[in-house]
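Predicted model only: the values in this text are computed from it and were never measured. Here is how names work: the chains are called A, B, and so on, in the same order as the sequence lines, proteins then strands, and each is numbered from 1.
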Amino acid sequence: MYLELEKRLAGHLRGVLLAKYEILLENIPMEIPPDLRFGELATPIAFELAKKLRKAPKVIAAEIVAALGRLEGFASFEPAGAGYINARLDRAAVVGMVAEGTGETLAESGVHALVEHTSINPNKAAHIGHLRNAILGDTFVRLLRAAGQHVAVQNYIDNTGVQVADVVVGFMHLEGKSLADVRLLLDELNSKGERIDYYCWDLYARISQWYEQGDAEENATRKKLRYATLHELEQGGNETSAMAELISTAVLRRHLETMLRLDIEYDFLPRESEILHLNFWSLAFEQLKQTGVLYFETDGKNKGCWVMTRPGADVTDGETNEDAKVIVRSNGTVTYVGKDIAYHLWKFGLLGRDFGYLPFFGYEDRACWISAEKGEANHPHFGGAQAIYNVIDARQSDPQANVIQALRGMGHISEADHYTHFSYEMVALTPRCAVELGYAIAEEDRGRAYIEVSGRKGFGVKADDLIDKLIAATRAEVDARQTGRDDEERQKIAKQIAIGALRYFMLKFTRNSVIAFDFKDALSFEGETGPYIQYAVVRARNIFRKAATDAEAVLAEFAGSDASRYLTDESDQDIWALWLRAGRRSLVLEQCINTSEPAHLAKHAFQLAQEFNNFYHKHHILTEEDAPRKLFLLATAAVALRELVIVLSWLGIESPEAM
RNA sequence: GCGCCCGUAGCUCAGCUGGAUAGAGCGUUUGGCUACGAACCAAAAGGCCGGGAGUUCGAAUCUCUCCGGGCGCACCA
């Protein structure tokens, strides 16, 4: 409703301004006033015009108001304050629009977007930082789809990196295991219901320490071993790479299982091993050379390398650019950014080569595919996106900027413009939380607001541990309340609430605020939390259950009735506010997409729930004796319920039947 | 040294393209379960929006500067 009326008023204003002042404005600023006393929609446009027209904003506002006439959906316009133009909406019309959901469904946009998120190195268990990444990414996918875009979801797997080599070194040299031994270990863990990613978490921490434990000579040997292993791994076709493949695939499966607990699914898992073995780089290298983005350095510290100019760098002609980014080392090998450029050319369909594809992981109604050197003949199509979103933490903004710079330099301007580094800040632990987990923390860290997690040190909160803990906590609550339900039902409810709490927790912070993680906050189910919103849904559902009807039936019966008489009293303004809030869904969605910020939607859901709870408390529906008013109150609950359920689903949060 | 991010109530955070009296949650104090479920609602206290300057009719928001905190700036991956 809001989005629709906002556009309608902006269009109308544009016409009026053109006719009256011969001014054509592309953008008419619109805002929702801070208080209903100022109406429901306002524009400060007169302030902007004041200079141009050399008149007081107040005068302009009055003139515009006089020229506005009547507009469908609006009751009146008035100049206010120092020059605002306030609009009062036609309450009956608004109620009708919100009840029907007019203007809330966005049309198919035809845009093919690609969102990449999660991308956990397959050498250890997922931790809370990865949860933030995946939840942000998955929620954004839901938002893009709600906005009518076609979205493919990718989870990039760096299976040939040094992190994987490290656990391989751990298995081979710390534990003396062969490929067959590792296979046995996997079976054994599997039969005991234990997690390989947890096993690797510890092993990775041990091996990282091991590299630094010995004397200088020993450590040098160990580092050599590390890079020899990495080299074998990149080469492929040997026992080392087979072990890496075995481990990384097993850990990857665990990550997919962990994310599935949060309702997060992927379409395609491109792996670094295929980018390597299918020689994506050689094609990219040719293009980079041809377009002059890369040049061969003949002097200075980067002598013998192929380098590119960094974004924003100030290059003086003829001088050696010491600050250039090395893409191909003097020994001929390509850096990470180089491979990433090749990969991103593929994402936009500009590389001229494709992955092979194999089905890898089964979801309820479809499969998740993985890259392969030789894939199946029949496979879905990936890559070739018009817009891409890379959900990667803020620490990686430099390399991301390099890739964008390369695309731009190659002349792929539109692609560079539609490349979004969906950046977010890390999840760190509060010192108190670290102590609670039994970690010894350094004296200097004690006074800090937060301490960064580190996989290398094995320092952090594992995703599955947190989820388990949340479910245990919600289960205890459900057990206390739902005595009439059986075990299976209770567990289902407990899970829904736990996941709701977790997803909301990760989404309520805006992207560039560091989350200082604390169990006390994360395990809270009161106040601004997922369960608070879910509880509002349950309350609304109970009304319809008790009334032996449902929201759709109520809205069908309500359709066409004039509700404006229930919205005029001072005491009914909170109901009016609730209807208005219920009509903001698409407006908030648009805002979230424009700013790549799902937190706005989380806030919207909470405010809606808050206003509903207030309404619920103040107006007792089922005992209402005036039948038309009762129907109106039921319709109010119905739109609130409908909106809450939809918005929660966009946040990836289920709406329980009871809790 | 260069770049990016952050600094708003005791704590954790919102505050959309600059707009009307700066808002939530938690915590504290107080009141409300014989009415649709109290994982709830209501009320109170709590703020020089880090400091300063500037732009503007108007600044928490934009610019500059200083202070405090974080993260990046490899031929590592």
Quiz item: What's the CD-P distance between A:Glu611 and B:G23, to the nearest Å?
Solution: 15 Å

Quiz prompt | Note: A:Arg88-A:Glu40 ion pair, threshold 4.0 Å (strictly below) | solution = no

Quiz item: Can we say A:Arg511 and A:Glu425 salt-bridge, meaning some charged N sits less than 4.0 Å from an Asp/Glu carboxylate O?
Solution: no

Quiz item: Think A:Lys508 has a side-chain N or O under 4.0 angstrom from the OP1 or OP2 of B:A24?
Solution: no

Quiz item: Roughly, in whole Å, what's the span from CG in A:Asp323 to P in B:A74?
Solution: 8 Å

Self-check item: Ion pair A:Glu654/A:Lys495, N-O distance below 4.0 Å
Solution: no

Self-check item: Shortest side-chain distance from A:Pro34, nucleotide among B:C40, B:C13, B:A20
Solution: B:A20

Quiz item: Could you give the CD-to-P distance, from A:Glu528 to B:C11, as a whole number of Å?
Solution: 18 Å

Quiz item: Would you call A:Asp626 and A:Lys630 a salt bridge, taking side-chain N to carboxylate O under 4.0 Å as the test?
Solution: no

Practice problem: Would you verify whether the NZ or CZ of A:Lys469 falls within 45 degrees of the ring axis of A:Phe519 while also being under 6.0 Å from that six-membered ring's centre? | Solution: yes

Quiz item: Roughly how many Å is it from CD in A:Glu477 to C1' in B:A38, rounded to a whole number?
Solution: 12 Å

Quiz item: Is any side-chain nitrogen or oxygen of A:Tyr532 closer than 4.0 Å to OP1 or OP2 of B:A38?
Solution: no

Self-check item: Side-chain heavy atoms of A:Trp281 within contact of A:Ile275, under 4.5 Å
Solution: no

Quiz item: Between B:C71, B:G25, B:G37, which one does the side chain of A:Asn542 approach most closely?
Solution: B:G37

Self-check item: Below 4.0 Å: OP1/OP2 of B:A77 and any side-chain N or O of A:Arg329
Solution: yes

Practice problem: Taking only the side-chain nitrogens and oxygens of A:Asn614, find out if one of them lies under 4.0 Å from OP1 or OP2 of B:A42. | Solution: yes

Quiz item: Expressed in angstrom and rounded to an integer, what is the separation of A:His619 atom NE2 from B:C36 atom P?
Solution: 17 Å

Quiz item: Is any side-chain N or O of A:Asn613 under 3.5 Å from a base N or O of B:A39, one able to act as donor and the other as acceptor?
Solution: no

Quiz item: Reading nucleotides 2-7 of chain B 5' to 3', which nucleotides get B (base under 4.0 Å from a protein heavy atom), which S (sugar-phosphate only), which -?
Solution: ---SS-

Exercise. Look at A:Arg448 and B:G70 and indicate whether a side-chain polar atom (N or O) is within less than 4.0 Å of OP1 or OP2.
Key: yes

Quiz prompt | For atom NZ of A:Lys520 and atom C1' of B:U12, their distance in whole Å | solution = 8 Å

Practice problem: Inspect the contact between A:Lys492 and A:Glu489 and indicate whether a charged nitrogen and a carboxylate oxygen are less than 4.0 angstrom apart. | Solution: no

